[in-house]
Each structure stands twice: as C-alpha cells, then as structure tokens.
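Lettering follows sequence order; numbering is per chain, from 1. Hydrogens, waters and symmetry mates are skipped; everything else that's a heavy atom, side chains included, is used.
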Amino acid sequence: MATEVSPKDAVELTSSSASYSPDNPAPLIEPPRARTRRTPRSTRTNFELYGWLFMRLSGVVLVVLVIGHLLIQLVLDGGVTKVGFAFVAGRWASPFWQYWDLAMLWLAMLHGGNGLRTIINDYAEQPNTRVWLKTILFTAVAFTIALGSLVIFTFDPNIR
Amino acid sequence: MSTPTLDKHSSALDAAEVTGTHLIAITLRVRRFNPEVSAEAEWVDYQIQVDPKERVLDALHKVKWEIDGSLTFRRSCAHGVCGSDAMRINGKNRLACKTLIKDVSPEKPITVEAIKGMTVLKDLVVDMDPFFQAYRDVMPFLITTGNEPTRERLQSAADRERFDDTTKCILCAACTSSCPVFWNDGQYFGPAAIVNAHRFIFDSRDEGGEQRLEILNDKDGVWRCRTTFNCTDACPRGIEVTKAIQEVKRALITRRF
Amino acid sequence: MPAGTLYRGREGMWSWVAHRVTGVLIFFFLFVHVLDTALVRVSPEDYDKVVATYKTPVVGLLEYGLVAAILFHALNGLRIIAVDYWTKGPRYQKQMFWSVMGLWILLMLGAIYPVLGHAARDLFGS
Amino acid sequence: MQFHTYDTVIVGAGGAGMRAAIEATKRSRTAVLTKLYPTRSHTGAAQGGMAAALANVEEDNWEWHTFDTIKGGDYLVDQDAAEILAKEAIDAVLDLEKMGLPFNRTPEGRIDQRRFGGHTRNHGEAAVRRSCYAADRTGHMILQTLYQNCVKEGVEFFNEFYVLDQLLTEVDGVRRSAGVVAYELATGEIHVFQAKAVIYASGGTGKFFKVTSNAHTLTGDGQAAVYRRGLPLEDMEFFQFHPTGIWRMGILLTEGARGEGGILRNKDGERFMEKYAPVMKDLASRDVVSRAIYTEIREGRGCGPEGDHVYLDLTHLPPEQLDAKLPDITEFARTYLGIEPYTDPIPIQPTAHYAMGGIPTNVQGEVLSDNTTVVPGLYAAGEVACVSVHGANRLGTNSLLDINVFGRRSGIAAADYAHASDLVPLPENPTEKVEAQIERLRNSTGDERVAELRLELQECMDANVMVFRTEQTIKTAVEKIGELRERYLNVSIQDKGRRFNTDLLEAVELGNLLDLAEVMAVSALARKESRGGHYREDFPTRDDVNFMRHTMAYREVDANGAESIRLDYKPVVQTRYQPMERKY
Ligand SMILES: Cc1cc2nc3c(=O)[nH]c(=O)nc-3n(C[C@H](O)[C@H](O)[C@H](O)COP(=O)(O)OP(=O)(O)OC[C@H]3O[C@@H](n4cnc5c(N)ncnc54)[C@H](O)[C@@H]3O)c2cc1C
Ligand code: HEM
Ligand code: SF4
Ligand code: F3S
Ligand code: FES
C-alpha cells in the first residue's frame with residue numbers, strides 16, 4: 001500500500017519557528033475575536049429588535065417606492081433620455097411625488113444606514129474603528145437626509 | 001434529508017465496481033497544525049487505499065494508525081450520535097463519521113481541516129469552551145415553579161411534537177462554526193445555543209421562556225442571524241436550525257407587540 | 001482569520017453575500033444620487049450636464065448594473081422576509097432563491113431595451 | 001503536576017456519572033473527571049428505552065419486572081439488587097421526566113411505553129409494554145437531560161482528563177480510597193485528585209471486539225485502574241452480543257425495532273425465531289436471539305454471497321411509524337448501507353454490546369475488595385460496575401435504568417460518606433506509576449504498533465470468545481492475548497509531544513483492553529457451563545450445581561513480578577425466585 005507523505009506548501013522552517021518544542025509551544029491559531037466568559041453583556045434594550053423589524057417593514061415599502069421610481073425614471077416614457085431639469089420640475093410640482101421621493105429618501109437612507117451599521121459591527125475588529133466608522137456613517141446619513149429633504153421642499157422650478 | 005447534500009456520484013467508485021476491487025486510492029489532504037513543531041498550519045497529503053463505502057473517519061484512522069500517529073482529531077461513537085468529530089471536509093462542515101468516502105468526490109484530493117472560527121489547538125482539534133459557554137448562557141435546563149407533581153407532568157403528544165426537532169442536537173458545533181456571522185467575531189451566540197434555547201422555550205412544561213428570550217434579545221443574540229442557512233445545511237442531525245431561529249425571532253416580536 | 005479553504009456554502013450563503021454586496025452598492029449610489037440631484041436646487045445647468053453623462057453608453061451600462069443590483073436586492077429581500085414570517089419559508093428557501101433568480105433574469109431581460117436601448121441607439125445610431 | 005482536593009470525585013460523565021454528580025454536588029464539593037466532553041459519552045448512543053413498570057399503557061408491576069430481570073440474567077442475578085432496580089425504576093423515570101426529559105407521550109399525555117425483549121406480563125405470559133422511550137434516541141435524551149441538570153446545579157467538570165490510576169492507602173489495616181491520578185489531554189500534565197470518596201462511572205469495555213456497538217473510547221479504563229490495584233473484577237466472562245448490529249460495522253439497530261414489529265428473516269425469508277422462541281419470537285432475550293442468528297448462519301441459511309448475516313425486516317411497517325418511532329436507525333441504514341428500510345430488509349449480525357461484569361459493588365455502589373469487604377470511599381456505578389442486576393445477560397432497557405438507579409444511589413452514598421470522614425493521606429509519590437507508564441511509552445523505541453496489536457486482539461476476540469465458545473477457542477484466545485501482552489511491552493508511539501497526544505492515550509487504552517480481555521478469557525475458560533451471554537458448545541447446558549456463583553478475578557503478582565489471574569467465586573443472592581429452565 002502506498003504510504004507516501006508529501007508535505008504540500010510546507011512552510012519553510014525559519015530559525016525561530018524551528019525552535020518550538022513541547023516545552024515551548026507556538027501560539028495557537030486564534031479566531032479573530034474569541035468569545036470570553038464575560039461576553040456577551042446583556043444589552044437589555046430592544047434596539048436590535050426594532051432595527052430588525054424596521055429593515056423588513058421598510059424593505060416592503062421600498063419595493064414599491066424604488067421599483068416605481070425606477071420604472072418612471074428609466075423605463076416609461078422614453079427612459080432615461082427624458083430626464084432633465086424640466087422633468088424633475090414637472091414631477092415635483094405635485095405634492096404626491098414630493099412625498100413619494102421624500103419617503104423613499106428617508107426609508108432608503110435609514111434602511112441602508114442600518115444595514116451598513118450591521119456590516120460595520122460584523123467586520124470592524126477594534127472597538128475604536130467601530131466607533132469611528134459609525135460616526136462617519138451616521139454623519140453621512142444625517143447629512144444626506146437633511147440635504148435631500150431640503151432640496152425637495154425648497155425646490156424652485158423658476159430658479160432658471 | 002438530514003445528511004448534508006452529497007456531491008455527485010463518483011466515477012472512481014464506478015471504476016472500482018467494474019474491476020471488482022473493493023479498495024480505491026484516495027488522497028487525503030489534511031490541514032495540520034502542531035504548535036510544538038511550528039507556528040504555521042500546513043496542508044499535508046496522504047495517499048491511502050480505502051473502501052469507498054468507508055467513512056472519512058476510517059480514512060483518518062488509517063492515516064493515524066498506519067502512517068502518522070501524531071495526526072490528532074476527536075472521535076468516539078463513530079456513527080454520528082456523539083458530536084465529537086465535526087470538521088470541514090471539502091470545504092463544508094460535516095461529521096467525519098457520517099460522511100462516506102464515495103460521497104465526497106474521491107477522485108480528487110479530499111480536504112479535511114478544523115472547523116472555522118474557533119481556536120485551533122492541534123490539527124483538527126479546536127477549543128470548544130467558548131461554544132459550551134454560549135450554550136450555558138441560554139440556561140439550557142427545564143425551569144419550573146410551584147409544587148412538583150407526584151407523578152410525571154402531563155404533556156400532550158402535540159405539545160411534545162412542538163419542540164421535537166431541536167431535542168436532537170448533539171452539540172457538535174457544525175452549525176455554529178459554519179455561520180459567517182460567527183466567523184466574524186465569535187461574539188454571536190451561534191445557532192447551536194439558539195437551538196438549545198428553542199428546545200426549552202417551546203416546551204409546554206417550561207416556565208423560563210421569558211428569561212431565555214430576554215437573553216437572546218441581546219445585541220449578539222438572534223438578531224445577528226442573517227438567514228444564511230449554512231447551519232441548516234451543516235447540521236448532521238437534520239435539525240431545521242434556521243427555522244428554529246426564525247421561531248425564536250417571531251416569539252420575541254410577538255412578545256413585544 | 002485562520003487560513004484554509006473557502007467555506008463551500010450553498011444558496012443561502014451566496015445569496016446573503018450578494019445581498020450584502022448589492023446593499024452596500026446601492027447605498028453608495030444613493031448617496032451620490034442625492035448629491036447630484038441636489039444640484040437642481042443650485043444650478044439647473046450643472047444638473048442637466050450631470051444627467052447628460054447619465055445618458056452616455058458607458059454610464060448606461062453602469063445603470064443597467066444598478067438596476068440589476070436593486071432588483072436582486074429587492075427580490076431577495078422579499079425572500080428573506082418570507083423566510084422570517086412565513087412558517088414554511090425556511091423549508092422552501094432554496095426554491096424561493098431559484099424563483100428569485102428566475103424572476104430576476106426575466107426582469108433583467110425585460111430591462112435591456114428600456115435601459116440600454118438608448119445607449120444602443122447612441123452607439124449604433126438609429 | 002497539579003494537586004486538587006475534593007470531597008467527591010466522579011470518574012466519567014456518562015449517564016451514571018452525571019446522575020451521581022447531580023446528587024453529590026448538592027451534598028459535597030464534587031469534581032467530575034471525564035475523558036470526553038460529557039455529551040460525547042456513549043450513553044448518548046442508547047436507543048431503545050428505559051424500563052419501568054409505570055403501567056401507563058397496560059397492567060404491569062415491579063415484581064414482574066424483577067422476575068424478568070432475574071430470568072433474563074439466567075438466575076445469576078443478585079435478587080435483592082434486582083428488586084431495588086425494579087422498584088426504584090418508577091421514580092427514576094419520573095425524576096428524569098421532571099428534569100425535563102422529553103419522553104414520547106400517550107394520547108392522555110402520559111409517558112408512552114413500548115415492548116422490549118424479555119419484558120413480560122405475569123412471569124412470561126406475553127410481552128408487556130414497559131420501556132419508556134423518546135423515539136429511538138432515549139439515551140441521547142437521558143444524556144442531554146442529565147447534562148442540562150448538571151449545568152443547572154453547577155457541577156464542576158474536568159473535561160478531557162483521563163483517569164489512569166486509583167490511589168489506595170492502608171489506614172489501620174484497611175485499604176481506603178485516597179484519590180485518583182489523571183492525565184490532562186490538552187497539556188499532557190498529570191493531576192492528582194485527593195478525595196474522600198471516588199465514584200467510578202467510566203462505562204464499558206467493548207472495544208476489545210471488532211464488531212461492536214461500542215464507541216472507540218470504551219476501553220475499560222476504570223475496570224483496569226481498579227483491577228491493577230489488586231481489587232477484583234466480577235463476572236467478566238459475561239458479555240452481551242446484541243442480535244441486530246449493522247452487518248460488518250456493528251452499529252446498533254435497537255431492539256425497539258423488533259418491539260415495533262420488526263422481524264428477523266433468513267435467506268429463505270423465513271421468520272426463524274418462531275423455531276427458537278415460540279412465545280416471545282423475535283423479542284426473546286438477546287443471548288437467545290444472537291445464538292439463533294448464528295445457528296442459522298452456520299446451518300447455511302445466512303444471507304448474502306458469503307451467507308454471513310440475516311435480515312431485519314421492517315418493510316411491513318408503515319413508513320409513518322418508522323419515521324415517528326425509529327427515525328435514527330432508519331437513517332443509519334440509509335447513510336451507512338445505502339438501503340431504504342421502507343422497502344428493503346436491513347442486513348444485520350450480532351454485535352458485541354454490553355459488559356455484564358465489572359467492578360463488584362453492593363447495592364449502595366460501594367466497591368468490594370473480596371466477596372464481602374467494602375473498600376471505604378470507593379464507589380462504582382453504571383456499566384463499569386457489577387451490582388449484579390444483570391447476571392449472565394442484561395435485558396434491553398435495563399442498563400439505562402441501572403445507570404440512573406445506581407448512579408443516584410452511589411452519588412448519595414459517596415457524598416454522605418465524604419461528609420462523615422476525613423481525607424485519607426495520599427501514598428508516597430502518588431504519580432509514580434502513571435509517570436513511569438507514560439514515560440515508558442513515550443520513550444519506547446520498540447517496533448510494535450498499537451493499531452496492529454489492537455486489531456489482532458479484536459480479531460482474536462471476535463473469532464474465539466464471541467457468541468459461541470469452546471475450551472479450544474478460549475484457550476487459543478488466552479494464548480494469543482498472552483503473546484500480545486508480551487509484544488505490548490515493545491510498542492512505541494510516533495507522537496512524542498505533550499499536547500493532545502491521542503497517540504499516547506491509545507497506547508494506554510490498549511494496555512487496559514489487553515488486561516481486561518485476558519480476565520474475560522480466563523474467567524470464561526473456567527466456567528464450564530452455558531448461561532446467558534456465556535455459551536460453551538462443549539457444555540451447552542446450565543449447571544446450577546457447580547456454577548450458580550459469580551466469578552471473582554484478582555490480579556496476582558508474585559515475588560518475581562510475574563503476573564497471573566486468580567479466580568474465586570461469590571455466591572448469588574437469591575430471595576424469592578428459584579432457578580427454572582429459561583424458555584421464551
Ligand atoms: C449502541 C448502544 C445502545 C444501547 N441501547 C440501550 C438501551 O436502549 N437501553 C438500555 O437500557 N441500555 C442501552 N445500552 C447500554 C447503555 O447505554 C450503557 O450501558 C450505559 O449508557 C452506560 O453508561 P455509563 O454511564 O456507565 O457509561 P458511558 O455513558 O459509556 O460513560 C462513560 C464515561 O466515562 C468516561 N471515562 C471513561 N474512561 C475514563 C477515564 N479513564 N477517565 C475519565 N473518564 C473516563 C467517559 O468520558 C464517559 O463520560 C446501549 C448501549 C449501546 C452501546
Ligand atoms: C427595494 C427594496 C428593498 C428591500 C425589499 C430590501 C430588503 C432588505 C432586507 C429584508 C434586509 C435585511 C437583511 C437581513 O436582515 O439579513 C436588507 C438589508 C440591507 N439593505 Fe435592503 N432592501 C431594499 C432596498 C435597499 C436599498 C435602497 C438600500 C440602499 C440604500 C439597501 C441597503 C441594504 C443594506 C446595506 C442592507 C444590509 C445587508 C446586510 O446586513 O447583509 N436596501 N434589505
Ligand atoms: S444544531 Fe445540529 S449542527 Fe448544531 S450543534 Fe446541534 S446537532 Fe450540531
Ligand atoms: S448560519 Fe448563521 S446567519 Fe443564521 S441561518 Fe444559520 S445562524
Ligand atoms: S464520532 Fe461520534 S459523532 Fe462522529
């Protein structure tokens with residue numbers, strides 16, 4: 001029977017790693033951040049619960065809003081070619097479309113923002129990095145929502 | 001239905017059948033790590049002859065017993081009931097004793113490595129303590145109040161059926177270590193802990209459901225599950241793990257509203 | 001992360017990966033999109049200029065990609081919601097995933113003409 | 001080396017160990033040492049059920065249960081112990097239910113019960129439904145439930161600690177238990193646990209057979225540790241061969257499969273058990289069925305090209321019943337044989353299953369150093385022990401019962417003893433023996449390999465001391481084991497490290513298996529009769545005149561250091577039931 005052993009991709013034993021022995025074992029292969037006896041600390045809020053619910057509720061509403069938006073912008077009536085200042089002005093003349101776009105803006109930003117928050121929680125390793133990334137995210141979301149809302153409500157078709 | 005989906009039927013197996021031999025030659029590619037030798041893990045190939053109807057565990061034993069005694073892995077029952085030998089075989093979590101060689105494309109090297117997201121102690125052996133810690137954190141025992149009945153507590157067959165699926169768990173960690181969210185930071189309770197909480201939350205005799213739900217409402221509790229279904233695919237006991245998680249989520253929502 | 005082979009997940013895992021990637025893409029697009037739309041408040045000329053670039057073939061292709069991302073994210077989002085709220089959802093998640101893919105391909109085929117049509121006309125003239 | 005001091009130390013975290021731990025932890029400072037994570041223990045593999053005369057589905061009482069146990073054990077059962085077993089069975093089941101065990105339920109919501117081999121109504125009239133079960137995972141549920149309750153009680157576990165030696169110290173002319181020596185797998189460190197009371201619950205020893213339902217880790221470590229310290233082992237020749245193991249693999253298919261209506265058939269499709277046990281048929285006791293299967297095979301009615309197995313036929317049972325009552329075993333057939341049990345019969349053969357013998361104890365779980373003397377502070381329960389409630393052949397479902405009843409009893413007794421007594425001083429240099437053993441194996445440069453010797457041992461045992469035995473075969477086995485023991489002195493291991501050195505521990509375990517196999521064969525050679533699990537073709541009948549007695553095997557070392565086995569005998573306790581011919 002074949003009993004060949006062929007170490008594949010074997011690591012070069014450097015002088016330091018060659019000195020490992022039963023008395024001087026190498027560090028173990030740790031996962032990135034291990035659960036410890038002290039984690040998790042109970043948070044005692046329903047924040048994650050509400051966040052989770054919000055993702056789903058906003059998702060359902062967004063389907064209507066976003067798909068509708070896409071249809072109008074890209075498909076109906078000549079597709080993207082029609083889009084221009086005049087087109088926008090025409091649409092925002094009606095409060096219905098104003099509120100449509102407003103809802104879309106808020107929901108999408110909050111939905112996407114919360115989604116990104118989850119992603120940051122998942123991948124950012126250092127607590128510091130987490131805080132920074134979330135601060136940036138929060139600022140960006142708040143800024144975008146504020147700017148967008150401002151534009152929709154203070155839009156002036158006669159600016160030209 | 002409960003064994004993880006199998007790879008395609010093997011041509012090597014057909015060849016073995018035609019020529020009438022029982023044994024086929026396979027390459028077992030094992031990811032080895034021994035901190036007493038080197039800080040790096042490395043892939044090592046072993047060429048062995050096995051019966052395709054044997055288990056991957058048998059192949060590992062063959063290597064350990066005939067080629068290299070230092071190959072280290074856990075095992076006990078050898079038929080999928082003790083949960084010792086969850087490992088990543090051809091990139092998927094399985095029990096080595098429940099995976100037959102013929103079902104893992106033996107014509108190519110079969111890769112075997114430790115489960116992901118846990119500290120590797122040696123070869124295929126990982127540190128299970130954090131896993132059991134998460135299990136203990138959900139209070140996995142019957143909680144009752146009031147006087148004990150003189151005889152058994154009554155429970156209808158339907159109430160018993162309600163949590164049947166999650167009583168099958170053997171704590172093998174195949175699910176938790178297949179979960180992408182768990183790999184990220186290891187803080188997530190993980191599907192196995194939720195499965196064992198589910199087993200009690202939906203037991204009509206238990207009165208500690210509220211407390212368990214509160215524990216799983218944690219920021220590292222059920223809400224971190226992104227329904228990736230790796231756990232359900234990996235569970236050697238065929239437990240519908242994601243469904244159990246979903247039922248816990250819904251219990252939390254209906255409890256709130 | 002300890003190196004090793006890639007985890008060989010199935011429909012559930014890869015759909016989640018795609019959901020995440022598309023979600024992030026859409027978020028960043030939306031961010032930019034709000035900024036450019038804000039131009040209508042400042043300078044309609046600049047707005048029209050920006051929108052004009054949207055009508056070039058290259059950006060048209062990107063737009064098609066965006067539609068692909070949004071449609072996938074939306075359809076798969078609905079699948080996730082079904083998994084969460086429909087008792088039989090977890091059992092049929094794979095079937096639902098393939099339905100999502102089927103629907104997505106259909107919609108993307110349907111979107112070729114409306115979205116890419118004008119780009120094609122620009123390119124090949126009509 | 002590390003020292004620990006506890007009131008009670010429990011060796012093993014299977015059903016017996018954890019049942020004891022739940023009681024002992026409430027009463028004393030307790031540590032549980034286990035070589036596996038508790039939930040990996042082999043109790044989890046038990047399928048069929050746990051017997052108790054609850055009478056939830058039909059008339060039953062504990063006296064009938066006692067009788068069945070005694071008759072099943074071919075009258076070698078100590079009847080006082082059997083009475084306790086049957087009587088306390090009812091509370092043992094109810095306790096488990098209250099701890100949360102999810103038993104299957106009757107339509108009224110009570111614990112459901114089913115038929116099992118050898119359990120009868122009114123002293124053998126017909127099969128009775130006595131086995132309480134949770135599908136075909138009763139052992140799994142028991143193990144999980146007990147572990148859950150250990151978590152609840154805060155039991156202190158030392159996981160992956162191998163107990164390798166028992167410490168005894170002579171105080172005032174009496175040998176007392178002083179503690180144990182354990183090897184920590186993760187670090188290779190040796191630990192001394194000094195304790196007032198020690199309970200062995202380290203399970204069976206089936207791994208000296210090749211075709212066995214036992215786990216790789218069932219290597220009789222507890223029996224060996226005690227035996228090497230000069231304490232006796234009782235009735236080691238009695239080993240149970242379960243009729244329905246998966247052909248060639250030995251994986252168990254529960255007797256519950258026949259309890260649900262499964263039928264054994266030979267190659268002609270004949271229901272051959274009708275010939276051997278007209279009343280109980282396929283549900284006769286295990287030794288009877290195993291012999292019947294081998295008789296069929298020997299007489300050329302075996303199935304398959306080599307005629308070396310028979311079929312377990314479930315095809316006439318409705319698929320819903322199989323799914324509800326036997327989900328795991330049908331899955332085993334699919335996974336390991338690629339067979340669909342709805343439509344195809346399953347090839348089976350008898351598989352080495354359960355050690356009736358073990359460390360002799362009284363009904364409090366106290367270990368005996370001869371026929372009557374108790375070793376103060378030393379206890380044993382579960383498969384490692386021999387109370388003896390199983391006599392020459394254990395009835396199905398009586399072992400899960402045994403581990404609960406006597407696990408509980410020994411837990412209470414040990415903790416109470418620990419309360420009332422002081423620590424016994426450790427012998428000088430307590431780790432000497434274990435250290436020498438480990439160093440010898442680690443430094444050996446011999447050319448024998450553990451796996452090879454183990455395989456030779458297993459093949460020899462399968463061929464010579466299985467279901468049918470004769471003077472000739474047993475002698476062959478004794479010789480072979482002697483030879484293997486010689487060669488064992490020359491084994492070497494490849495892994496010289498300290499961390500997770502399973503190579504080393506497999507060598508240690510092989511040493512235990514060799515010792516116990518020898519005791520088994522020597523005990524079997526001396527028992528010139530057939531009784532229960534021990535069947536001698538050269539002495540095919542039971543001989544109550546000469547052999548109605550328990551075998552007690554002692555290890556003797558002479559002045560030159562040569563080892564030998566001394567056999568002695570112990571009377572059987574008979575209370576109510578006189579030996580009768582055993583018919584099913
Ligand atoms: C496949 C199968 C099916 C069965 N079905 C049934 C059934 O239906 N009904 C029934 O009544 N009986 C059944 N039995 C028998 C019954 O399950 C066992 O006899 C019983 O579970 C033994 O329990 P235990 O606690 O004594 O040992 P185990 O559960 O085997 O536990 C042994 C423990 O000891 C520990 N240990 C061992 N050696 C050491 C050491 N050196 N140091 C430290 N710790 C050690 C192990 O880690 C383990 O925790 C079955 C047995 C098998 C194999
Ligand atoms: C069109 C309709 C949409 C639906 C139905 C939808 C649905 C969902 C759902 C259900 C989730 C939760 C996934 C989970 O918890 O595992 C989610 C996550 C997410 N969504 Fe949407 N969404 C939509 C639109 C959007 C838009 C417009 C954006 C961008 C602004 C977006 C960005 C994200 C992000 C970043 C995540 C997080 C992904 C993750 O955590 O893996 N989604 N979406
Ligand atoms: S749920 Fe399944 S995969 Fe997870 S630990 Fe339990 S048995 Fe293993
Ligand atoms: S793999 Fe993980 S993300 Fe959820 S569905 Fe399973 S726990
Ligand atoms: S060895 Fe027990 S589950 Fe594989």
Side-chain angles (χ1 to χ4, degrees), chain B residues 2-3 34-37 53 55 61 64-66 68-84 98 100 121-123 125 128-129 132 135-136 139-142 144 148-157 159-160 163-164 167-171 199-200 203 205-206 238, chain D residues 36-37 39-42 44-45 54 93-94 97-100 102-112 134-135 137 139-141 144-145 148-149 151-152 159 186 215-217 249 251-252 328 331-332 334-336 338 449-452 455 493-503 506:
Chain B
S2 43
T3 3
N34 184 348
E36 296 177 349
V37 177
K53 290 197 216 57
R55 302 158 262 208
H61 270 146
K64 182 172 182 65
W65 292 343
E66 293 170 12
D68 186 349
S70 69
L71 179 66
T72 305
F73 49 91
R74 293 190 177 105
R75 50 86 180 110
S76 180
C77 71
H79 64 287
V81 296
C82 76
S84 299
K98 247 192 136 174
L100 302 195
L121 301 174
K122 184 174 171 186
D123 293 347
V125 175
M128 295 291 285
D129 282 351
F132 278 100
Y135 167 79
R136 285 192 290 268
M139 302 201 294
F141 38 79
L142 194 75
T144 56
E148 298 241 301
T150 45
R151 284 181 63 90
E152 70 260 42
R153 287 168 209 282
L154 298 185
Q155 180 171 52
S156 73
D159 282 346
R160 165 66 180 77
F163 62 100
D164 184 62
T167 60
K168 296 187 297 200
C169 177
I170 52 175
L171 297 169
R199 179 245 171 277
F200 288 100
D203 187 336
R205 301 168 296 174
D206 183 77
Chain D
L36 305 169
Y37 276 85
T39 53
R40 318 277 184 244
S41 302
H42 210 53
L54 295 182
V93 168
L94 296 181
E97 197 282 333
K98 286 173 199 163
M99 287 184 200
F103 283 109
N104 277 39
R105 300 285 172 159
T106 65
E108 301 79 48
R110 309 213 88 99
I111 295 170
D112 197 11
R137 337 187 157 97
H140 164 76
M141 300 298 189
Q144 295 288 329
T145 303
Q148 289 156 2
N149 280 273
V151 170
K152 187 176 183 180
N159 294 330
H216 284 287
T217 44
M249 304 183 92
I251 297 171
L252 195 78
D328 276 4
E331 198 198 308
F332 292 154
R334 287 182 200 122
T335 309
Y336 295 110
R449 300 209 54 168
V450 172
E452 216 166 286
L455 188 64
I493 55 171
Q494 285 168 295
D495 193 341
K496 311 281 185 194
R498 282 200 233 294
R499 286 164 180 266
F500 286 95
N501 194 338
T502 50
D503 203 19
E506 282 192 25

Residue pair [X] / [Y]: nearest heavy atoms and the distance that separates them:
X: D/Asp495; Y: B/Gly69; value: CB-O, 4.3 Å
X: B/Leu142; Y: D/Gly100; value: CD2-CA, 3.6 Å
X: B/Ser84; Y: D/Arg40; value: OG-CD, 3.3 Å
X: D/Gln144; Y: B/Cys169; value: NE2-O, 3.5 Å

Return yes if some donor-acceptor pair links the side-chain N/O of [X] with the main-chain N/O of [Y] below 3.5 Å, else return no.
X: D/Glu97; Y: B/Arg153; result: yes
X: B/Lys122; Y: D/Phe500; result: yes
X: D/Arg105; Y: B/Ser156; result: no

Count the heavy-atom pairs under 4.5 Å between each of [options] and chain B, then report the option with the highest count.
options: D/Ile111, D/Thr145, D/Asn149; result: D/Ile111
options: D/His42, D/Arg334, D/Arg499; result: D/Arg499
options: D/Ala45, D/Pro102, D/Ala451, D/Ala135; result: D/Pro102
options: D/Gly497, D/Ala186, D/Gly139, D/Gly44; result: D/Gly497

With heavy-atom distances below 4.5 Å as the criterion, would you say the side chains of [X] and [Y] are in contact?
X: D/Thr39; Y: B/Phe132; result: yes
X: D/Tyr336; Y: B/Arg55; result: yes
X: D/Val151; Y: B/Met139; result: no
X: B/Phe200; Y: D/Gln148; result: yes
X: D/Thr502; Y: B/Lys64; result: yes

Heavy-atom distances under 4.5 Å only: say whether [X] touches chain B with side chain, backbone, both or neither.
X: D/Arg498; value: both
X: D/Met99; value: backbone
X: D/Glu506; value: side chain
X: D/Arg137; value: side chain
X: D/Tyr37; value: side chain

Among B/Leu121, B/Asp164, B/Asp203, which residue forms the greatest number of heavy-atom pairs with chain D at distances under 4.5 Å? B/Leu121
Picking from B/Val81, B/Asp123, B/Thr167, which has the most non-hydrogen pairs under 4.5 angstrom with chain D? B/Thr167
Does this structure show an ion pair linking [X] with [Y], if we count only N-O contacts that are shorter than 4.0 Å?
X: D/Asp112; Y: B/Arg160; result: no
X: D/Lys496; Y: B/Glu36; result: no
X: B/Lys98; Y: D/Glu331; result: yes

Chain D heavy atoms under 4.5 Å from [X]: which part of the residue, side chain, backbone, both or neither?
X: B/Leu71; result: backbone
X: B/Thr150; result: backbone
X: B/Leu100; result: side chain
X: B/Glu148; result: side chain

Enter the distance from [X]:[atom1] to [Y]:[atom2] here, rounded to the nearest 0.5 Å.
X: D/Asp503; Y: B/Thr72; atom1: CG; atom2: OG1; answer: 8.0 Å
X: B/Gln155; Y: D/Asn104; atom1: CD; atom2: CG; answer: 10.5 Å
X: B/Lys168; Y: D/His140; atom1: NZ; atom2: NE2; answer: 9.5 Å
X: D/Gln494; Y: B/Asp68; atom1: CD; atom2: CG; answer: 5.5 Å

Before giving the answer on side chain to side chain contact (heavy atoms under 4.5 Å, CB included), spell out for B/Arg151 and D/Leu54 the whole-Å C-alpha distance, their side-chain angles and the decisive distance to 0.1 Å. CA-CA 10 Å; B/Arg151 284 181 63 90; D/Leu54 295 182; 4.3 Å; yes
Looking only at the aromatic ring of each residue, does the gap between the centers of D/Phe332 and B/His79 stay below 6.0 angstrom? yes
